[in-house]
Amino acid sequence: MSSLPGRKPFNWPAAILIYGWMVVGLLVALGVNVAELSPFYSALPSGALMWRPEMSSVGLILFMSPLVFGGLALWLMPLKGYSRLAGAALIGAGVVAFAGGVAWEAGAGMAVYSDRIVHRESGFAEQLRVERFTDIRRVETACSSWRRRGSSSFQNNPTYIVVFASGYSIDVWTGSGTRPRGETASPLEIVRLTDRQARAVDAVRAPARKPDGSRIGSPGCAGRLAESLSIQRSDLQPLFEVHRSELHPDEFTVVPTRP
């Protein structure tokens, strides 16, 4: 059937690629919370206290690629001399890249045990890597808060980044997102466990910083976080302790001793 005069033909395959990606992407985003759908989870040794999927930059690029390839196919459609074969190749590339991104990310994740962290950055023939708590060299902590537009309540985002001797680092306490099924310990319990291990090996304690070197944090965040967790601030404050040597001169004050 020919198209109507003056109306450009619509590239349905490209549109299906783009909007289909949105639907499938939503299903994948919801599906990562189901342990049975994750090859990473199925490969874990028993006894994990908590696990979660991880998203790498490579997987994210592959996962988002249908938008790029589908957009190019839609843009080429009205052009004179446009090759349908080129459009089909773009759409096919989008489908293949998306499938590769899903496969890449499905096998990636991190899990916390009582004495170690197990992680994998991709699902392509990469072995599970183990980081022992005895190899913790540094922790970086912060607590920041913000208000959503139109809301009077604060959203608290605590950070507890662990850096191992191998160079691997991970935030074991994130204040946003949902935890996948299979979790047997709360985020606070995981952080307390990690903090005890870090203190046992005398790891350096430093504040988490932005790329420009400024300290991450919001006044009163620790108190608001303690209130939301129904605990005393004194029970939470030790998790955010840092060594004075890791602070800039303008980030601490010296209280004079009494004579």
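In this text the structure is predicted, and so the values were computed from the model without any measurement.
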(message) For a side chain to side chain contact (heavy atoms under 4.5 Å, CB included) check, start with the C-alpha distance between His248 and Arg209, then their side-chain angles and the critical distance, and finish with the verdict.
(response) CA-CA 11 Å; His248 298 166; Arg209 297 186 181 277; 3.4 Å; yes

(request) State yes or no: do Phe164 and Ile161 share one hydrophobic cluster built from I, L, V, M, F, W and Y residues joined by side-chain heavy-atom distances below 4.5 Å, directly or via other members? (result)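 No, Phe164 and Ile161 fall in different hydrophobic clusters.
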
Side-chain heavy-atom pair [X], [Y] within 4.5 angstrom cut-off:
X: Val112; Y: Trp51; result: no
X: Thr141; Y: Thr159; result: no
X: Thr194; Y: Phe133; result: yes
X: Glu241; Y: Arg199; result: yes
X: Val172; Y: Ile117; result: yes
X: Leu193; Y: Gln197; result: yes
X: Pro45; Y: Arg116; result: yes
X: Arg132; Y: Asp115; result: yes

(request) Report the C-alpha separation of Arg205 and Asp195 in whole Å, then their side-chain angles, then the decisive distance to 0.1 Å, and conclude whether the salt bridge (charged side-chain N to carboxylate O under 4.0 Å, His left out) test is met. (result) CA-CA 10 Å; Arg205 305 184 67 89; Asp195 192 69; 2.9 Å; yes

Nearest heavy-atom pair of [X] and [Y]: which atoms, and what distance?
X: Arg215; Y: Val242; value: NH2-CG2, 4.2 Å
X: Ile136; Y: Val201; value: O-CG2, 3.6 Å
X: Leu236; Y: Leu188; value: CD1-CD1, 4.1 Å

(message) Checking the side chain of Tyr41 only, and the main-chain atoms of Arg52 only, is there a donor and an acceptor separated by less than 3.5 Å?
(response)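 Judged by distance alone, no pair lies under 3.5 Å.
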
(request) State whether the side chain of Asp171 and the backbone N or O of Tyr160 hold a donor-acceptor pair below 3.5 Å, judged by distance alone. (result)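 Between the backbone of Tyr160 and the side chain of Asp171 there is a qualifying donor-acceptor contact (under 3.5 Å).
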
Gap separating the [atom1] atom of [X] from the [atom2] atom of [Y], nearest 0.5 angstrom:
X: Tyr168; Y: His119; atom1: OH; atom2: NE2; value: 5.0 Å
X: Ile216; Y: Ser144; atom1: CD1; atom2: OG; value: 7.0 Å
X: Glu131; Y: Ser169; atom1: CD; atom2: OG; value: 10.0 Å
X: Ile190; Y: Met50; atom1: CD1; atom2: CE; value: 5.0 Å
X: Phe240; Y: Arg233; atom1: CZ; atom2: CZ; value: 9.5 Å
X: Trp173; Y: Leu239; atom1: CH2; atom2: CG; value: 5.5 Å

(request) Under the side chain to side chain contact (heavy atoms under 4.5 Å, CB included) rule, what do Trp146 and Asn156 come out as? Steps first, then yes or no, please. (result) CA-CA 7 Å; Trp146 71 93; Asn156 302 308; over 6 Å; no

(request) Mind running side chain to side chain contact (heavy atoms under 4.5 Å, CB included) on Asp135 and Arg137 for me, showing each step along the way? (result) CA-CA 6 Å; Asp135 292 328; Arg137 294 293 179 266; 4.3 Å; yes

(request) In sequence, state the C-alpha distance, the side-chain angles, and the governing distance for Glu251 and Arg244, and then conclude on salt bridge (charged side-chain N to carboxylate O under 4.0 Å, His left out). (result) CA-CA 9 Å; Glu251 292 179 336; Arg244 179 173 170 177; over 6 Å; no

(request) With sequence neighbours left out, write down each residue that passes side chain to side chain contact (heavy atoms under 4.5 Å, CB included) with Arg138, or none if nothing qualifies. (result)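 Arg138: side chain to side chain contact (heavy atoms under 4.5 Å, CB included) contacts with Glu140, Val163, Val204, Ala206, Glu246.
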
Less than 3.5 Å apart, which donor and acceptor atoms pair up between the side chains of residues 219-230 and the rest of the protein, not counting sequence neighbours?
from, atom 1, to, atom 2, distance (Å)
Arg224, NH2, Ser145, OG, 3.4
Arg224, NH2, Pro219, O, 3.0
Ser228, OG, Leu225, O, 2.7

